[in-house]
Amino acid sequence: MNNKVSIITPSYNTAKFIEETINSVLCQTYTDWELIIVDDCSKDNTDEVVAKFNDSRIIYIKNETNSGAAVSRNRALREATGRWIAFLDSDDLWEKDKLQNQIAFMEQNGYAFSYTAYHKIDESSAPFGGTIRGPKKVTKFALNNYCWMGCLTVMYDREKIGLIQIEDIKKNNDYAMWLKVIQKANCYFLDEDLACYRKRSGSIRDHSRLKLIKWTYKLFREAQKKNPVSSAILTARNLVFGLLKKIVFVERQ
């Protein structure tokens with residue numbers, strides 16, 4: 001298989017941010033990539049923003065109907081032609097050596113699944129807070145406890161993992177994806193801050209704790225097909241380990 005990176009980017013109403021996101025990919029020191037943007041019937045001028053880029057590596061696809069991020073990610077994964085699969089939402093950013101450093105890390109160690117540290121930016125792209133890290137090794141058991149990796153930092157080797165498709169759940173669909181990938185390989189942490197997660201008003205983490213608990217339960221019950229008792233236990237463990245992550249792995253400034 002080739003050594004190309006397929007970058008999976010679902011998009012919905014991010015015309016304000018997607019130009020900066022695309023530029024962060026164009027600036028990568030690793031140049032063998034394809035950026036697959038699947039737009040979920042945006043109501044803004046995302047089309048016009050993306051059309052300004054004249055680069056054959058940028059592939060722009062539109063869903064026929066508004067279907068959600070899970071369907072968009074699934075479609076992009078079916079279109080992907082690269083060996084390495086990476087994820088970047090349409091409002092987030094990468095540091096210029098993200099792909100190069102992460103691929104080197106995986107090739108040198110024989111890893112099929114990895115993630116990196118990252119930091120937050122606001123809607124004006126100003127950084128705030130500290131670097132967010134995670135455990136050096138994430139196993140199936142550890143991933144059931146909590147989603148340790150930021151979506152924008154994840155990469156896996158499609159040659160070893162194969163095609164991944166997830167259930168159509170509206171929330172936590174990236175977590176559902178990692179729970180499938182982890183069945184094939186453990187996930188390893190590269191301790192380099194290589195990505196910028198944009199914190200926007202109205203994001204999932206702005207919702208009430210009750211809603212977050214509900215969505216986590218639905219992840220295990222509907223996407224993972226766990227029974228009600230197991231789903232409730234796993235949801236409770238997520239609450240505990242989510243607190244642990246804030247204490248141990250989030251840098252305080």
Side-chain angles (χ1 to χ4, degrees), residues 8 10 12 38 40 63 65-78 85-87 89 92 112-116 118 120 132-156 158 160-189 197 199-200 202-250:
I8 308 303
Y12 181 68
V38 178
D40 200 23
N63 289 335
T65 59
N66 181 261
S67 306
V71 170
S72 297
R73 286 196 177 104
N74 281 346
R75 185 171 183 181
L77 286 165
R78 293 195 300 272
I85 303 294
F87 298 82
D89 283 352
D92 294 335
F113 188 18
S114 75
Y115 71 116
T116 79
Y118 66 98
K120 295 179 182 179
I132 300 166
R133 296 181 167 84
K136 291 182 178 180
K137 178 180 179 180
V138 179
T139 62
K140 284 187 282 188
F141 180 79
L143 190 57
N144 273 289
N145 285 334
Y146 193 71
C147 184
W148 299 100
M149 53 280 276
C151 180
L152 70 165
T153 75
V154 170
M155 182 184 292
Y156 67 80
R158 187 165 65 105
K160 297 177 180 178
I161 303 299
L163 174 65
I164 296 294
Q165 297 281 274
I166 58 174
E167 286 73 11
D168 182 14
I169 57 174
K170 300 306 177 185
K171 304 293 182 182
N172 286 329
N173 48 80
D174 53 339
Y175 193 179
M177 188 167 294
W178 316 149
L179 286 167
K180 286 203 169 187
V181 179
I182 204 77
Q183 303 302 314
K184 306 286 187 69
N186 292 323
C187 189
Y188 294 89
F189 176 62
Y197 170 76
K199 181 70 165 59
R200 296 163 59 192
S203 69
I204 185 171
R205 301 201 181 277
D206 287 335
H207 290 286
S208 69
R209 185 170 297 275
L210 186 60
K211 283 187 176 180
L212 294 175
I213 292 170
K214 176 183 175 182
W215 290 332
T216 302
Y217 177 84
K218 286 170 71 70
L219 164 73
F220 291 113
R221 185 76 180 99
E222 297 178 7
Q224 294 300 109
K225 312 300 182 187
K226 303 287 187 183
N227 64 51
V229 173
S230 294
S231 298
I233 292 171
L234 289 167
T235 299
R237 278 164 46 181
N238 258 255
L239 292 172
V240 172
F241 281 91
L243 178 61
L244 177 66
K245 179 178 180 177
K246 290 180 179 179
I247 295 171
V248 177
F249 296 113
V250 178

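Index from 1, following the sequence. Bear in mind the structure is a predicted one, so any value in this text is a computation, not a measurement.
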> Do R237 and I233 come close enough that some side-chain heavy atom pair is under 4.5 Å?
Replying inline: yes
> What do you reckon, are the aromatic ring centroids of Y188 and F113 less than 6.0 Å apart?
Replying inline: no
> Which value, rounded to the nearest 0.5 Å, describes the distance between N144 atom CG and K226 atom NZ?
Replying inline: 5.5 Å
> With a 4.5 Å limit on heavy-atom distance, are the side chains of I164 and Y156 in contact?
Replying inline: yes
>> Closer than 4.0 angstrom, basic N to acidic O: yes or no for K180 and E167?
In response: yes
> Taking it one step at a time, do K120 and I132 satisfy side chain to side chain contact (heavy atoms under 4.5 Å, CB included)?
Replying inline: CA-CA 8 Å; K120 295 179 182 179; I132 300 166; 3.8 Å; yes
> So Y175 and W215, ring pair (Phe, Tyr, Trp, His ring centres under 6.0 Å) or not? Walk me through it.
Replying inline: CA-CA 11 Å; Y175 193 179; W215 290 332; over 10 Å; no
> Can you tell me how far the CZ atom of R78 sits from the CG atom of N74, to the nearest 0.5 Å?
Replying inline: 6.0 Å
> What's the shortest heavy-atom distance between D40 and N63, and which atoms?
Replying inline: OD1-ND2, 2.8 Å
> Taking atom OG of S230 and atom CZ of R221, what is their separation to the nearest 0.5 Å?
Replying inline: 9.5 Å
>> How long is the straight-line distance from OH of Y12 back to OG of S67, given to the nearest 0.5 Å?
In response: 11.0 Å
> Given the rule in the side chain to side chain contact (heavy atoms under 4.5 Å, CB included) test, do Y115 and V138 qualify, once you have shown the distances and angles that lead to the verdict?
Replying inline: CA-CA 10 Å; Y115 71 116; V138 179; 3.8 Å; yes
> Can a salt bridge be assigned to the pair R73 and D89 using a cut-off of 4.0 Å between side-chain N and carboxylate O?
Replying inline: yes
> For the residue pair D174 and C151, what are the closest heavy atoms and their distance?
Replying inline: OD2-CB, 3.5 Å
> Between CD of Q183 and CD1 of I161, what distance do you get to the nearest 0.5 Å?
Replying inline: 10.5 Å
> To the nearest 0.5 Å, how far apart are CD in Q224 and CD1 in I169?
Replying inline: 8.0 Å
> For W178 and C147, which heavy atoms make the closest approach, and how far apart are they?
Replying inline: CD1-SG, 3.6 Å
> Is there a side-chain contact between F220 and N238 (heavy atoms, below 4.5 Å)?
Replying inline: yes
>> Could you check whether atom NZ of K170 has more than 12 heavy atoms from other residues, nucleotides or ligands sitting under 6.0 Å from it?
In response: yes
>> With a 4.5 Å cut-off on side-chain heavy atoms, are L143 and M149 touching?
In response: yes
> Under a 4.5 Å cut-off applied to non-hydrogen side-chain atoms, are F189 and F249 in contact?
Replying inline: no
> Which is it for L179 and L219 under the side chain to side chain contact (heavy atoms under 4.5 Å, CB included) test, yes or no, and what are the steps along the way?
Replying inline: CA-CA 10 Å; L179 286 167; L219 164 73; 4.2 Å; yes
>> If I compare all heavy atoms of A76 with all of V38, which pair ends up nearest, and what's the gap?
In response: CB-CG2, 3.7 Å
>> Strictly distance-based, threshold 3.5 Å: is any side-chain N or O of W148 a donor or acceptor partner for the main-chain N or O of A142?
In response: yes
>> If you compare all heavy atoms of I182 against all heavy atoms of C187, which two are closest, and at what distance to 0.1 Å?
In response: CD1-N, 3.8 Å
